[in-house]
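Computation of the quantities below employed the complete heavy-atom set of this structure, encompassing side-chain atoms and omitting hydrogens, waters and symmetry-equivalent molecules. Being a predicted model, the structure only gives us computed values, none of them experimental.
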Amino acid sequence: MARRRKRKSRRRQEGRRILEHVPQYSIESGEDKPVTAARKFIQAEGILPPALLLVKRNEHTTDRYFWAEKGLFGAQYVEENHFLFPSLRVLESGSVPEPLALASR
């Protein structure tokens, strides 16, 4: 039986493209839960928002978190709702090249 391909959300794809321009930090959770490890890392390093944290839980699983002005969010939620985050709106408008005005003689 043929397998159907999962539909990709345009809004989520756009959010993923925007998140590519945000600084990323990779850490390991160690003994802590992934979100606790992310919070401790942010506190220890003094990371300013926006930032994307990749927390390795074990050899197979990596959790993704987005550090925003309002707190720590799951990266998938941010991809789907990127328009709710003011720090990503700046990146969104800056990443789209504006057309140049050409002067005619």
Side-chain angles (χ1 to χ4, degrees):
M1 191 163 135
R3 203 170 198 195
R4 290 186 62 188
R5 296 182 76 176
K6 189 173 181 182
R7 184 179 166 272
K8 292 187 177 180
S9 164
R10 285 194 180 153
R11 190 165 74 175
R12 186 159 175 214
Q13 283 179 322
E14 184 181 347
R16 188 169 275 243
R17 236 176 285 129
I18 292 169
L19 282 182
E20 287 176 359
H21 301 288
V22 173
Q24 290 187 8
Y25 300 92
S26 295
I27 61 172
E28 297 206 10
S29 63
E31 295 295 315
D32 295 323
K33 291 183 178 179
V35 71
T36 306
R39 289 184 186 282
K40 285 182 179 178
F41 182 77
I42 290 166
Q43 187 71 32
E45 299 293 320
I47 297 172
L48 297 174
L52 195 63
L53 293 140
L54 307 173
V55 184
K56 194 168 172 100
R57 195 185 318 173
N58 56 39
E59 60 182 286
H60 304 293
T61 311
T62 302
D63 293 325
R64 298 168 55 236
Y65 298 101
F66 178 73
W67 175 235
E69 297 84 6
K70 300 175 184 178
L72 196 61
F73 296 87
Q76 183 173 342
Y77 173 80
V78 176
E79 287 172 357
E80 293 169 356
N81 301 292
H82 57 88
F83 48 86
L84 297 175
F85 296 88
S87 59
L88 293 180
R89 282 193 206 134
V90 174
L91 292 172
E92 184 179 15
S93 61
S95 64
V96 179
E98 294 184 16
L100 297 172
L102 298 174
S104 58
R105 294 182 192 191

- request: Return yes if some donor-acceptor pair links the side-chain N/O of Arg12 with the main-chain N/O of Glu80 below 3.5 Å, else return no.
  value: no
- request: Identify the two heavy atoms, one from Asn58 and one from Thr61, that lie closest to each other, and give their separation to 0.1 Å.
  value: OD1-N, 2.9 Å
message: Side-chain heavy atoms nearer than 4.5 Å, only ILVMFWY residues, links allowed to pass through others: does that put Val55 and Ile42 together?
response: yes
task: To the nearest 0.5 Å, tell me how far Phe41 CZ sits from Ser29 OG.
output: 13.0 Å
same_hphob_cluster(Ile47, Val22) at 4.5 Å side-chain heavy-atom cutoff: no
message: Using 0.5 Å steps for rounding, measure from the NZ atom of Lys70 to the CG atom of Leu84.
response: 7.0 Å
field: side chain to side chain contact (heavy atoms under 4.5 Å, CB included) assessment of Asn81 paired with Phe73
entry: CA-CA 11 Å; Asn81 301 292; Phe73 296 87; over 6 Å; no
task: Rounded to the nearest 0.5 Å, what's the gap from CD on Glu28 to OG1 on Thr62? Could you check?
output: 9.0 Å
field: Arg89 (side chain) donor-acceptor with Phe83 (main chain) under 3.5 angstrom
entry: yes
field: Residue list, salt bridge (charged side-chain N to carboxylate O under 4.0 Å, His left out) with Arg17, at least two apart or on another chain
entry: none
- request: Report the residue from Lys56, Arg57, Lys33 that forms a side-chain hydrogen bond (donor to acceptor under 3.5 Å, both in side chains) with Asp63.
  value: Arg57
query: Is it the case that more than 12 heavy atoms not belonging to Gln43 sit under 6.0 Å from its CD atom?
result: no
field: Intermediate values then yes/no, side chain to side chain contact (heavy atoms under 4.5 Å, CB included), Val78 and Leu88
entry: CA-CA 9 Å; Val78 176; Leu88 293 180; 3.6 Å; yes
query: Are Trp67 and Tyr25 in one and the same hydrophobic cluster, where Ile, Leu, Val, Met, Phe, Trp and Tyr link if side-chain heavy atoms are under 4.5 Å apart?
result: yes
- prompt: Between CZ of Phe66 and CG of Leu53, what distance do you get to the nearest 0.5 Å?
  reply: 10.0 Å
- request: Kindly work out whether a path of hydrophobic side-chain contacts (I/L/V/M/F/W/Y, heavy atoms less than 4.5 Å apart) joins Tyr65 to Ile27.
  value: yes
message: Quick check: do Leu19 and Glu79 have side-chain heavy atoms less than 4.5 Å from each other?
response: yes
- prompt: Which atom pair, heavy atoms only, marks the closest approach of Ala37 to Asp32?
  reply: N-CB, 4.0 Å
- line: Value for OH (Tyr77) from CZ (Arg64), rounded to nearest 0.5 Å, stands at 15.5 Å
query: Taking all atoms of both residues into account, what is the closest heavy-atom pair of Pro49 and Ala68, and its distance?
result: CB-C, 3.5 Å
